[in-house]
Amino acid sequence: MQSSPMHPILVCGAGGFIGTHLVHRLKSDGYWVRGVDLKSPEFGGSVADEFVIADLRDPIVCRDVIDRPFAEVYQLAADMGGAGYLFSGDNDAEVMRNSALINLNMVKECSRAGVQKLFYASSACVYPEYNQIDPDNPNCAEESVYPAEPDSEYGWEKLFSERLYSAYTRNHGLVVYIGRFHNIFGPLCSWIGGREKVPAAICRKVAEAENNAEIEIWGDGCQTRSFLYIEECLEAMLRLVNSNFRGPINIGSTEMISINELAMLIAAIAGKQIQIKNIPGPIGVRGRNSDNNLIRSKLGWAPSETLRRGLEQTYPWILEQVIARRAA
Ligand code: NAD
């Protein structure tokens with residue numbers, strides 16, 4: 001594919017973790033890309049052809065950014081963070097308002113401008129809490145999302161926006177693809193400051209720990225999750241947008257692990273002994289795992305690498321950040 005303004009792509013949230021990687025992937029695939037975000041990518045610049053610093057909560061700004069019938073729009077912009085940010089309850093009002101405003105503006109302007117395809121980044125947080133109580137047997141099959149009972153306001157906003165985009169498909173013919181991401185991780189993610197997610201937070205704690213030191217893990221550590229490496233996520237997302245299936249569909253891994261086990265795995269990769277100290281903290285649901293039956297059957301996709309392999313690529317990057325910060 002040759003870079004061509006005839007096939008322009010817009011990435012919203014292009015300064016964030018997944019957005020930064022997506023812009024890289026689209027550029028290396030040869031596309032012309034405009035990125036938009038409140039901020040530039042934190043680690044190095046963007047390789048987008050144009051990078052617009054803009055607030056998508058503002059409808060006029062949103063209209064200016066969507067100034068043509070983009071071939072593809074990836075809507076990743078959201079008020080986002082890890083458990084400490086999303087599940088403490090302290091940020092609920094802002095999370096709901098900020099992300100809902102972005103999506104309300106985006107759907108209207110994409111529809112008005114005649115955007116050909118829109119991808120919306122939803123989340124595993126849409127799934128009902130009542131199916132995620134047993135840490136060994138969570139149910140996150142796509143159709144289990146109703147009757148709805150997400151355990152966070154972040155999840156409720158994602159579900160509302162899924163419905164909003166789907167309503168624009170029904171009433172205005174907007175072509176929308178919805179992926180429900182399950183804990184994406186990798187280099188260039190938030191790793192400090194309160195918005196980091198669990199793999200990055202544990203990598204940082206292990207990188208900072210002396211050998212045999214204690215590291216703190218929120219909850220009893222028996223809560224379970226699965227994690228998907230960023231490159232796998234991009235592959236699944238792009239396959240979806242190039243398919244005839246529109247979702248909603250899980251984009252995740254089925255390699256479920258408890259958080260204490262995750263800490264031990266990261267310590268093993270780091271070559272360190274650690275002691276785990278479980279402390280009270282926001283943990284979200286008790287168990288969660290991606291159900292990949294639908295994506296396997298519709299897109300023929302499954303992750304190609306293990307969790308360990310992804311962590312072996314992520315831990316050294318976080319270690320570098322920790323060392324650079326100490327030296328600064
Ligand atoms: P991120 O926080 O790194 O990226 C989101 C970006 O949106 C940030 O750069 C932020 O500045 C930008 N943004 C926020 N408000 C904005 C506004 N008003 N105008 C313009 N830009 C704004 O998060 P991420 O991990 O890259 O996630 C990308 C998307 O995927 C989000 O929608 C998130 O909810 C969803 N998701 C991510 C995960 C995950 O594990 N990373 C899991 C489920 C869903």
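For Lys108, the NZ atom is loosely surrounded, since the number of other residues' heavy atoms within 6.0 Å does not exceed 12. Atom CZ of Arg112 has more than 12 neighbouring heavy atoms from other residues, nucleotides or ligands inside a 6.0 Å radius.
With Asn250 contributing its side chain and Ser290 its backbone, the two residues share no donor-acceptor pair below 3.5 Å. Put simply, the side chain of His21 gets close to the backbone of Pro187: a donor and an acceptor are under 3.5 Å apart. No donor-acceptor pair under 3.5 Å is formed between the side chain of Arg225 and the backbone N or O of Ile259. Under the 3.5 Å distance criterion, the side-chain polar atoms of Asn211 are left unmatched by any main-chain donor or acceptor of Lys272. Looking at Gln75, its side chain never comes within 3.5 Å of a backbone N or O of Leu118 through a donor-acceptor pair. Between the side chain of Lys117 and the backbone N or O of Tyr177 there is no donor-acceptor pair closer than 3.5 Å. A donor-acceptor pair is defined here as one N or O able to donate and one able to accept, closer than 3.5 Å; such a pair exists between the side chain of Tyr130 and the backbone of Pro147. Remark: the backbone N or O of Val65 is paired with a side-chain donor or acceptor of Arg34 at under 3.5 angstrom.
Atom CG of residue Leu104 and atom CG of residue Leu56 lie 12.5 Å apart, to the nearest 0.5 angstrom.
Of the listed residues (Lys158, Glu162, Arg180), just one forms a side-chain hydrogen bond (donor to acceptor under 3.5 Å, both in side chains) with Ser122, and that residue is Glu162.
Side-chain contact between Asn212 and Gln275 is present, with heavy atoms from C-beta onward closer than 4.5 Å. Contact of the Ser40 side chain with the Ile53 side chain is registered, since non-hydrogen atoms from C-beta on lie closer than 4.5 Å. Trp218 places a side-chain heavy atom less than 4.5 Å from the side chain of Pro282.
Nearest heavy atoms, Cys62 versus Glu109: C-CG, 4.1 Å. Closest of all the heavy-atom pairs between Asn260 and Cys222 is ND2-N, 4.5 Å. The shortest heavy-atom contact between Leu76 and Ala121 is CD2-CB, 3.6 Å. The two residues Asn292 and Pro303 make their nearest non-hydrogen contact at ND2-CD, 3.8 Å.
The aromatic rings of Phe227 and Phe185 sit perpendicular to each other, their planes meeting at more than 60°, with 30° as the lower class boundary. Note: Tyr127 and His182 have tilted aromatic rings, judged against thresholds of 30 and 60 degrees for the angle between ring planes.
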(request) For Met264 and Ile276, run side chain to side chain contact (heavy atoms under 4.5 Å, CB included): C-alpha distance rounded to whole Å, both residues' side-chain angles, the deciding distance at 0.1 Å, then the answer. (result) CA-CA 8 Å; Met264 297 314 289; Ile276 292 176; 3.6 Å; yes
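Under a hydrophobic-cluster definition in which Ile, Leu, Val, Met, Phe, Trp and Tyr are linked whenever side-chain heavy atoms come within less than 4.5 Å, directly or via other members, Leu22 and Phe119 are assigned to the same cluster.
A salt bridge does not link Arg25 to Glu231: none of the charged nitrogens lies less than 4.0 Å from a carboxylate oxygen.
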